[in-house]
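Given the structure is predicted, the values throughout are model-derived calculations rather than measurements. Chain letters run A, B, ... following the sequence lines, proteins first, then strands; residues in each count from 1.
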Protein chains: 4
Amino acid sequence: MAKKIKKVDQNKAKKKKAIFESAIENFAKNGFHNTSMSDIAKSAGVADGTLYLYYKNKDDLMIKVFNEMVDEKLELIQEAIKDEKNPLEKLYKVFEYHIELFTNNPDYVRFFVQEVRQSPEFYDRFPDFHPINKYLSLLEDLIKECVDKGYMKQIDPVLAAKILYGSIDFILSEWSLRKDNLPLKNIYKNVIDIFHNGMRYE
Amino acid sequence: MAKKIKKVDQNKAKKKKAIFESAIENFAKNGFHNTSMSDIAKSAGVADGTLYLYYKNKDDLMIKVFNEMVDEKLELIQEAIKDEKNPLEKLYKVFEYHIELFTNNPDYVRFFVQEVRQSPEFYDRFPDFHPINKYLSLLEDLIKECVDKGYMKQIDPVLAAKILYGSIDFILSEWSLRKDNLPLKNIYKNVIDIFHNGMRYE
Amino acid sequence: MAKKIKKVDQNKAKKKKAIFESAIENFAKNGFHNTSMSDIAKSAGVADGTLYLYYKNKDDLMIKVFNEMVDEKLELIQEAIKDEKNPLEKLYKVFEYHIELFTNNPDYVRFFVQEVRQSPEFYDRFPDFHPINKYLSLLEDLIKECVDKGYMKQIDPVLAAKILYGSIDFILSEWSLRKDNLPLKNIYKNVIDIFHNGMRYE
Amino acid sequence: MAKKIKKVDQNKAKKKKAIFESAIENFAKNGFHNTSMSDIAKSAGVADGTLYLYYKNKDDLMIKVFNEMVDEKLELIQEAIKDEKNPLEKLYKVFEYHIELFTNNPDYVRFFVQEVRQSPEFYDRFPDFHPINKYLSLLEDLIKECVDKGYMKQIDPVLAAKILYGSIDFILSEWSLRKDNLPLKNIYKNVIDIFHNGMRYE
DNA sequence: GATGAATGAGATTTCATTCAT
DNA sequence: TATGAATGAAATCTCATTCAT
């Protein structure tokens, strides 16, 4: 009996996972508006109607998939930096890990950088949809710690976080969309150097 | 006779201009997918079918409008910096002007930051659509000059340009979408300071 | 063993009853087309599939429920008039009871007056669905008796029954749909007076 | 030039008329919910999308068609009775004409009697949709005049109008749906007799 | 060239019904 | 028997594009 229930639940979980991944893949490849629910269903190997058993509608599907993906990645990042004590090293590790994660999942990059910037109307309709905010908060906290502990000079953590995020995000985006041949894996060192030591000639 | 032809041509030019501006305005306000050809035609005061006399289809209209808009803004920027000799000052003026332009045209920001990031599939279909590239080239050239003339240390201009662009772009995007209350007008000084002097405690 | 079977049968009967009542309630409140099988199943506390163990399909469920409801009400009416000997009084009591029943179950009125009028195509498909006929027959019989026994002049009972039914039905419908503030409870006296004594000035 | 414009307008008018009549026919035959926009489009010989050039949506189509039909018929009725001075005769002529009109257009009867009784939710959404009210008003006014001028005894015109309307409506409905073989054309005399002189034995 | 009515493919979503468990 | 996840047909509606005038 217990076995039976388990099987059904396994099936449900498998199906949800399939939908989740098909959604990411399709949104990533073609964008939200050029991806139809039918496309996702077909990729996931389920009927169109099945999508609506798991998600209320297309918006809901997109938001849930997005949020879940971000949460998943953030957890990995936080796990990866939890043993590092030095806040500066922590900050740099975040980048290193961020880049590494996306390098290994190019679809995620595309999805992330394309769909995260939705229309104002979208933000108006879904005020809770601010997945980047969590990431920005993480950066802000680390920067604040760096400043407080004397690793950085007095700078506005909110602004600095945006600068850091914007840089990495754009680099990843270009890498993904234009198939840049930048050696992405080692790029974070250059980024860090520019931010930390500035560009000025000494 | 010659006069008549001229008048007709003037009319044509006027009509094309009207379509162009209506398209920008509508795309900017509502995004590509939430703007119908009918919307644009109505704004421009022409019939739906008329759009197709000047542009092959909706994609074509969008790309041409986008590219032309970028060219126009870039020209303004280049005009604004042409008297400055110091490449570093030039670079910073680019930012100042960039921010100023978008501050005065918030709709443009949205259009630019939302629509510029198309799907890979879109780039495959329209390989000529790289409006940002021109801007990045400008930055790269200036950075290279800075390096060459000893204003900056040896850094990769391509990477540095992306970092600068990504930072500003994201800040503008956040400002526009989330109605940030950052004092945008003076922000460029902080950005420049971070990049130029680094974040490290001295 | 016998006991066990009985219990199962009791369960079955209970379940069928639950479905029946949930169906009425839902159809009455929201109409046939705005009630889904799922709605009914949920109200009845059974699974969607269970409905199909007791009814062939949605149409079948509706027709059976409708017919049974009418039969139930008719039985109540017949019970209420069975001690009355005077056919005229009997006729008037039918009305009184009819109005009273619906006044106490406004949802039923809506169901009755809305759904009872089906499309010709529906009647073609389900020739057995003539719930009103039974009611009309009752009226016709009473009118005939009135005529035969000299309580009424020579009129066509079929026509007269339709006139009486149509009047009451429309008044109830208006009362229900437009939330008329007609004092429904006492209205039947006026109706009877008009029919019995006519409208002419004497 | 004038001819040209006329032709286009003629075409539009013809198309609108075709949609109007197809809508009535389909609604009449199958009811609102069992008629799809595609059905109507097909009957009218136009594309699905064309319906939306003339009507905002399915509800709008139904309401506009209904109201227009009622207005048209009411105008005919008012034209037909305008020379009659005696209010009682006027009232009876209304019935005569009402029956005659619908006898000649059985589809109209079905549409009228089926769709007029919509769900309460429908009335809530479209408070302006009370096509019957106009007809009821006409009856009320005539009855009031009859009472005032001594042709009828003191009765409530609102109630009396509903009784008269409900009777005729139901008779027509039965005639239409069940293909009654009642001699519809002369029936109004019997109806009038019952109402005017009552049913009682004298 | 200019028009705008007409088209019809395609998108989202619902829901009666089935069937493996 | 009972379940309820899954199905997929069908409905409404939008809109880029065409073409007769």
How many whole angstroms separate atom [atom1] of [X] from atom [atom2] of [N]?
X: C:H33; N: F:dA10; atom1: NE2; atom2: C1'; result: 13 Å
X: A:I40; N: E:dG10; atom1: CD1; atom2: P; result: 18 Å
X: D:D39; N: F:dA10; atom1: CG; atom2: P; result: 11 Å
X: C:N57; N: E:dC15; atom1: CG; atom2: P; result: 17 Å
X: A:K42; N: F:dT7; atom1: NZ; atom2: P; result: 14 Å

**OP:** Please state whether the rings of B:F27 and B:F32 are parallel, tilted or perpendicular, taking 30° and 60° as the class boundaries.
**Re:** tilted

**OP:** Would you kindly compare A:Y52 and D:Y54 by the position of their nearest DNA chain E nucleotide and give the one closer to the 5′ end?
**Re:** D:Y54

Original post:
For D:A47 and A:D48, take the nucleotide of DNA chain E holding the closest heavy atom to each; which residue's nucleotide lies nearer the 5' end?
Top reply: D:A47

Subject >> Base paired to E:dA20 (Watson-Crick or G-U; both N/O distances under 3.5 angstrom) >> reply: F:dT3

Original post:
Who is the Watson-Crick or G-U wobble partner of E:dT14, with both distances under 3.5 Å?
Top reply: F:dA9

With a 4.0 Å limit, can you tell me whether [X] has a side-chain N or O closer than that to the phosphate oxygens OP1/OP2 of [N]?
X: C:K15; N: F:dA2; result: yes
X: B:S36; N: F:dC15; result: no
X: C:T50; N: F:dT3; result: yes

Original post:
Taking for each residue the nucleotide of DNA chain F with the nearest heavy atom, is it B:D59 or D:T35 whose nucleotide lies nearer the 5' end?
Top reply: D:T35

Subject >> 5' precedence on DNA chain F between B:K56 and C:G45 (nearest-nucleotide basis) >> reply: C:G45

Original post:
Within 45 degrees of the axis of the six-membered ring of B:F20 and under 6.0 Å from its centre: does B:K64 put its NZ or CZ there?
Top reply: no

**OP:** Decide yes or no for B:D39 and B:N30: does some side-chain heavy atom of the first lie under 4.5 Å from some side-chain heavy atom of the second?
**Re:** no

**OP:** May I ask you to check whether B:D48 and B:S38 show a side-chain donor-acceptor distance below 3.5 Å?
**Re:** yes

